[in-house]
Amino acid sequence: MTEEKQIHTSLGPVLVPVEDGLWEIDLTHLRIFFGLSILSRTIGEEIGNQLHSLPGDLSFTYKINPNINHELVDMHIQHVQVFARAGILKDWVLFREEFEENLRFVFGSFQQQSVAKKIHPEFYGEDPNRNASVALLFPFETEFIHDSGYYILMERVASQYRIGDFFLRITIDTQEDGCLNLKNIKHEIISDAHTRTYIAGASKISESLSTGIINAAQKGETFYEEENSHFSKVFSQIEKTPLGKLTNINFYWEEQYRNLILSSDPSVPLSILKKLFLLLEDSSASKKIKEGNTIRAVIGKVSVYVDLSRLDRVLNFSVNGKRTLLDSTFYLKRMPLLEEIANGKGHTYNFDGVHVFLIHHITSEIISLIETFRRLKVSSLDVAFVKYGGNIPPVYLDILLDIPTETFFMAGLEFKLTKNNTPYYGVSPLYSAFDHHSTFRHKLEDAKLGFFDAMRRLAIFLFLNKLLSIISKNGKMLLIEDGGYVAPILNERALDGVSFGSVLDEFWVESKDNTFRNKPFGEILKSYVIGTVEHTRNGYDRLVKVKEDKKELFLPAFSIAISKEKTQEESKEVARSILNALDNTLHGIGKVLSKRKLLLLGSKGNIGGFLKKYLIGGFLHENNLDILEVDKKFDSESRYVKSDFNHISDLEFAEIDLIIGVTGESIISPKTWESWILNSKHKQLFLASGSTKTVEFADFIKWINELNLSQNPKLGGLDLKISFHRILDPQTQMDLGSRILFQIPKKEIEKEVFLISDGSPVNFLFFGVPTESMDPIISQLASVSLGMVNDYKSNELPSADLYAVDHQINVWGKFL
């Protein structure tokens, strides 16, 4: 460790280097004061009142309120007396905010032990006979009062009528022609305003966070997260410190501290929090944290580790021990089949010299896949994360944002609502820094697209940017995707013979280098893209469609979509996770799955078949086992089996209150939705998709958005009032989707439609398919990708076509 010296802080206690990256400060004996910003605000307001109403000198005495500033009263300071000559504050209106900030700094000096002991020595253990009280002079610059600025002098003066009591005298004057003879007043100049950023309202902020932590501890939790919302005062205040803009503040603790929280007075955790915020106010401390160090704050028997994570966006407080930092290895160990591939067991393939562009859901299994690519020497990895509903566990982001940025980039979308509640998707701030793509972000924000269109735009934009970056290095790229966002478009544009420049323009890519713009897009792809790998049936079907339309594909495509492992084993677990998510969501709104009258779209498909089996085999009550099924694969029809949705009568449809769709397409028209809402026997109706993206109920989403934007919406020719709300889990407050309220006053009709997960796959609301079942699937994705790269390196890459595992090729991409 380099020899580092102790650092003096504005608080008094020093920062001591412990080891590389770890500093310690003892805040045990730091006096804390509550309500100093309230006091300065009260004084500031009284100054304003007097300036408006009195013609002469400004002069008043304020009695300190012991309920707000009891620490000052405990120190025998009972009053604040304020004086300023007439005319000094004549332009008050112009610099009021700045003045009030300076006033906060003056009163806040009590929180700086090294300063406070000068004005109030005996209360900090000093001998007043040796160290008499010294006045504090705060010089401030502002051209409004005087060219050279003004000062505030704060003196501690003995009370004239109560021995042992004091008052604070505040004098506001100019430095050039002031009325005070400062030579006769023993004073110390305090001009280190830059060493401390005063967090206004730190007491209130500490109280609010302390309440949140106590509530979490009472539930048995050892973690509390505060998110940066638009109205969050704590984040706007911290942003003024060297820490800058944060997205989250996370608190971690262990059982011992949890017991302390629950067994002690609320003032104990509150005073600890207040001291931590005072630490952040000191610029030398917050600079150390910003530079990547951890500070251990010792407060009595408690030690709190303070650090930043996720590209400096998240501030962490971890009590009595450093945060347990998981890494991608932790998740890979849970996937023995994939771990063998990652460690080169049973093969000699790698991704050396190849740049991978991955589009996939953000799950622990994909973190394991990312680690696999890194172990197998991928040159660089760019990921466009597919994110529907549910919350991303903070630990996933911690791991991903710790990966070195020179070889890893990631982006994704976030769900948003317009002012009139129309859902759309924009670029999420959670992933890698996106500042250099700000034009794209603004265009996507303006476009207000649904999930699939926004995701396709984001993925193709990032893919083309990556392509541009490797051309100069003559790099090679492999596309691996889950859902057919990019590969079908690449094949179509190349086969259409369009130029590279026109594709860049179509997908909002800005390029300073025009060298390749006029070249055919196909020529660029042939030179730099090895091929594509597809995970899902949807993506596979889209490539099949391109081949049907264009009579060929342009790039070789490997797919695991119809492998035995995917179609049989994974489908079972997807079906279970759909029903698990539905069960949990319905429970949260006081309903049960077992009593629902169910319509299952796509019941003969891989997932649909297992959904039917599990619903009848246990999820539905024994007296409610009739499921209305629709699938074009049915040869004959009956009361509950239809080969076409249009064969269902209005009366039959009116019985239904839950639709589960796994067809991968939107098959119900707006007219039918209208009839359902008008005629259904149920007041609450539920929609749940189990197929990728938001396609399943796309027509419903489009229809309700049009109704919402209409000046006078109607349903069945009657005036309609439509309003949008969120489905919130009562325990976790997790957002589970949209609740749309339809009201027709004339007929006294009121219906609620619950669009679970906003029409995206409900299984991603919770845990998706468990790791144990995903291990063989993700292993196939890894092995077939390695196989394609190896084929390319050994000049054995097959011609442009679609090759499916277990049909044309094996899991290593070799012909069967």
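Everything numeric here is computed off the predicted structure, so don't read it as measured data. When a residue number appears, it is its place in the shown sequence, counting from 1.
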Residues His355, Ser380; criterion side-chain hydrogen bond (donor to acceptor under 3.5 Å, both in side chains); working and verdict: CA-CA 5 Å; His355 302 269; Ser380 73; 2.7 Å; yes

Does Ser738 form a side-chain hydrogen bond (donor to acceptor under 3.5 Å, both in side chains) with Asp758? I'd like the steps, not just the answer. CA-CA 6 Å; Ser738 308; Asp758 296 298; 2.3 Å; yes

Criterion side-chain hydrogen bond (donor to acceptor under 3.5 Å, both in side chains) on Thr363 and Glu365, from CA distance to verdict: CA-CA 5 Å; Thr363 63; Glu365 295 80 31; 3.2 Å; yes

Might you work through the side-chain contact (heavy atoms from CB on, under 4.5 Å) test for Leu280 and Leu315, ending with a clear yes or no? CA-CA 11 Å; Leu280 301 183; Leu315 177 64; 3.8 Å; yes

Audit row: Phe452, Tyr485, ring-ring contact (aromatic ring centres under 6.0 Å, His included) steps and yes/no: CA-CA 8 Å; Phe452 177 69; Tyr485 294 97; 5.5 Å; yes

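Taking the six-membered ring for Trp, Phe251 and Phe317 have ring centres closer than 6.0 Å. Between Phe440 and Trp508, the ring centre distance stays below 6.0 Å. Aromatic rings of Tyr305 and Tyr252 (six-membered ring for Trp) have centroids beyond the 6.0 Å cut-off, not under it.
Distance NZ/Lys387 to OG/Ser428: 8.0 Å, rounded to 0.5 Å. With rounding to the nearest 0.5 Å, the separation of CG in Asp735 from CZ in Arg726 is 4.0 Å. The distance from the OG atom of Ser438 to the NZ atom of Lys443 is 11.0 Å, given to the nearest 0.5 Å.
In terms of modelled atom types and a separation under 3.5 Å, the side chain of Ser757 and the main chain of Val762 share no donor-acceptor contact. Of the possible polar contacts, one joining the Glu481 side chain to the Val486 backbone as a donor-acceptor pair under 3.5 Å is found. Panel note: side chain Glu569, backbone Lys572; no donor-acceptor pair is recorded below 3.5 Å. When atom types are taken as modelled, the side chain of Arg310 and the backbone of Asn248 share no donor-acceptor pair closer than 3.5 angstrom. Checked by atom type and distance alone, the side chain of Asn584 pairs as donor or acceptor with a backbone atom of Asn580 at under 3.5 Å. Without hydrogens or angle criteria, Thr241 side chain to Gln237 main chain gives no donor-acceptor distance under 3.5 Å. Side-chain N or O atoms of Ser432 include one that pairs as donor or acceptor with a backbone N or O of Met410 at under 3.5 Å. Checked by atom type and distance alone, the side chain of Arg258 never pairs as donor or acceptor with a backbone atom of Trp253 at under 3.5 Å. Side-chain N or O atoms of Asp729 include none that pairs as donor or acceptor with a backbone N or O of Gly588 at under 3.5 Å. Side-chain atoms of Ser783 come within 3.5 Å of backbone N or O of Val811 as a donor-acceptor pair.
Between Arg441 and Glu445 there is no salt bridge, since no side-chain nitrogen of the basic residue lies less than 4.0 Å from a carboxylate oxygen of the acidic one. The pair Asp583-Arg576 does not count as a salt bridge, with every side-chain nitrogen at least 4.0 angstrom from each carboxylate oxygen.
A donor and an acceptor atom, one from each side chain of Ser689 and Glu696, are nowhere located under 3.5 Å apart.
Ring geometry for Phe373 versus Phe351: interplanar angle over 60°, hence perpendicular rather than tilted (30 to 60°). The aromatic rings of His436 and Phe434 are tilted relative to each other, their planes meeting at an angle between 30° and 60°.
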